[in-house]
Amino acid sequence: MPGISALRAWWAGRPPTAGAAVMATGIVSVGLQLTGAETVSRGFLWLACVAWVALAADFVVRLATQRERWMAEAQSPASLVAVAATTVIGTRFSVLGRQHLAQASLVLAALLWPVLLFLVVRRWRPRMPGTVFLCCVATQGLAVLAATLAAADGTAWLARAALVLFWLGLVLYGFALTRFDPRQIFEGAGDQWVAGGALAISALAGARLLLADSPRLYLWNDDDRGVLRTVTGALLVLGLAWCVVLLAAEVARPRLRYDMRRWATAFPVGMTAAATLSVAAALGAGWLRGPGRVLVWVGVALWLTVAAGAALAARAGIGRAR
């Protein structure tokens with residue numbers, strides 16, 4: 001049938017950055033849950049799961065039937081959205097009480113992470129787009145999920161593994177920053193926002209590590225806890241500062257046409273909202289809850305805007321393929 005053939009042709013042409021839609025949808029679900037909007041949050045989780053299954057199936061099919069294309073895409077920083085998206089959904093599963101699904105997500109993401117990270121890092125070059133920061137996002141995504149599961153299951157070793165990933169993610173952020181092309185702040189089509197989103201998910205990881213501690217587990221001594229609190233707060237401030245800089249650049253040089261990389265804008269905004277609310281709880285900074293709630297709904301509005309653009313672009317793409 002012509003319609004199905006056109007749909008297949010459009011789907012086959014999607015780049016790896018399409019996975020950012022799953023990341024954005026999943027983190028909006030997490031943010032909504034933190035505000036108490038459970039029903040809407042579950043709706044976004046359902047959408048994220050459907051998209052994840054479709055992209056995972058495509059990932060496997062390409063690996064089995066298009067090895068050269070799969071390898072070329074796997075060496076792109078955008079391939080790490082597979083890890084990040086899996087960890088975001090797994091984190092939401094854990095908060096929902098579905099620990100077996102969360103554990104399966106952690107295992108899958110942990111298996112993918114070293115392979116994709118190795119393939120990506122060895123192809124780093126100067127003056128890269130914002131997707132270069134996905135090395136940090138994927139690593140911190142593992143830290144967030146591991147810390148969340150550690151708190152839910154009372155597993156001390158998992159929390160300590162998350163701490164190692166947390167510091168490794170910060171190291172990777174530093175390396176990525178040396179490869180990032182600063183001109184992307186004014187020229188990027190959306191993925192430049194990952195520079196701020198990587199710091200936001202790092203702050204979220206720090207908050208989850210702090211919240212995982214308990215008298216029963218006794219994960220961190222006073223010195224460890226003090227360092228974690230300071231670093232987590234600083235990461236949130238830096239992430240918010242990136243948002244201000246990037247927003248100012250968007251105002252100075254508007255880029256209003258839809259681009260699939262705009263999902264990489266929706267994700268950092270949603271992640272900053274979730275990080276703000278989580279840091280408020282971890283540091284006992286109740287005054288952060290108000291700004292965090294506002295950011296959640298800003299993230300929802302941005303998600304709806306990007307989703308509308310994606311729907312129109314998909315319709316046009318399928319029409320051209322007929």
Side-chain angles (χ1 to χ4, degrees), residues 23 26-36 41 84 87-96 102 106 136-156 158-170 172-173 196-215 217-243 267-296 299:
M23 294 165 56
I27 199 57
V28 166
S29 175
V30 171
L32 287 167
Q33 184 273 329
L34 290 171
T35 66
S41 172
T87 60
V88 169
I89 291 176
T91 299
R92 184 65 184 93
F93 280 145
S94 181
V95 174
L96 197 59
L106 179 61
C136 171
V137 172
T139 306
Q140 297 292 15
L142 281 169
V144 170
L145 178 52
T148 303
L149 275 169
D153 297 339
T155 311
L158 197 54
R160 294 192 174 93
L163 181 64
V164 173
L165 289 166
F166 171 72
W167 291 117
L168 177 59
L170 295 184
L172 288 170
Y173 186 91
L199 290 176
I201 195 172
S202 298
L204 178 60
R208 290 298 170 98
L209 283 166
L210 287 166
L211 292 169
D213 201 6
S214 67
L217 291 181
Y218 190 67
L219 297 171
W220 329 121
N221 59 35
D222 290 341
D223 290 338
D224 294 336
R225 192 177 300 106
V227 170
L228 263 178
R229 287 174 63 89
T230 301
V231 172
T232 297
L235 287 169
L236 181 63
V237 170
L238 291 172
L240 289 169
W242 257 118
C243 286
F267 170 74
V269 173
M271 180 56 72
T272 302
T276 301
L277 290 169
S278 296
V279 170
L283 302 188
W287 59 273
L288 281 173
R289 291 196 59 80
R293 287 176 177 272
V294 171
L295 282 171
V296 167

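In what follows, residues are counted from 1 in the order of the sequence shown. Worth saying up front: this structure is predicted, and the values here are computed from it rather than measured.
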Heavy atoms only: give me the nearest [X]-[Y] pair and the separation to one decimal.
X: Ala159; Y: Trp220; result: O-CH2, 3.8 Å
X: Gly292; Y: Ala273; result: O-CB, 4.0 Å
X: Ala152; Y: Ser94; result: CB-OG, 4.1 Å
X: Ser29; Y: Ser41; result: O-OG, 2.6 Å
X: Ala162; Y: Leu209; result: CB-CD2, 3.7 Å
X: Arg289; Y: Leu34; result: NH2-O, 3.5 Å

Heavy-atom side-chain proximity of Gln140 to Leu165 below 4.5 angstrom
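No; the side chains remain at least 4.5 Å from each other.
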For the pair Leu288 and Val279, evaluate side-chain contact (heavy atoms from CB on, under 4.5 Å) and give the outcome as yes or no after the intermediate values.
CA-CA 8 Å; Leu288 281 173; Val279 170; 4.2 Å; yes
Step by step, would you call Leu106 with Phe93 a side-chain contact (heavy atoms from CB on, under 4.5 Å)?
CA-CA 11 Å; Leu106 179 61; Phe93 280 145; over 6 Å; no
Got a second to check how far [X]'s [atom1] is from [Y]'s [atom2], nearest 0.5 Å?
X: Phe267; Y: Thr272; atom1: CZ; atom2: OG1; result: 9.0 Å
X: Ile27; Y: Ile201; atom1: CD1; atom2: CD1; result: 6.5 Å
X: Leu236; Y: Leu204; atom1: CG; atom2: CG; result: 10.0 Å
X: Thr91; Y: Leu142; atom1: OG1; atom2: CG; result: 9.5 Å
X: Leu211; Y: Thr148; atom1: CG; atom2: OG1; result: 9.0 Å
X: Leu228; Y: Leu163; atom1: CG; atom2: CG; result: 6.0 Å

Thr232 (side chain) donor-acceptor with Ala203 (main chain) under 3.5 angstrom:
no
Is a donor on one side and an acceptor on the other found under 3.5 Å between the side chain of Arg293 and the backbone of Thr35?
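Present.
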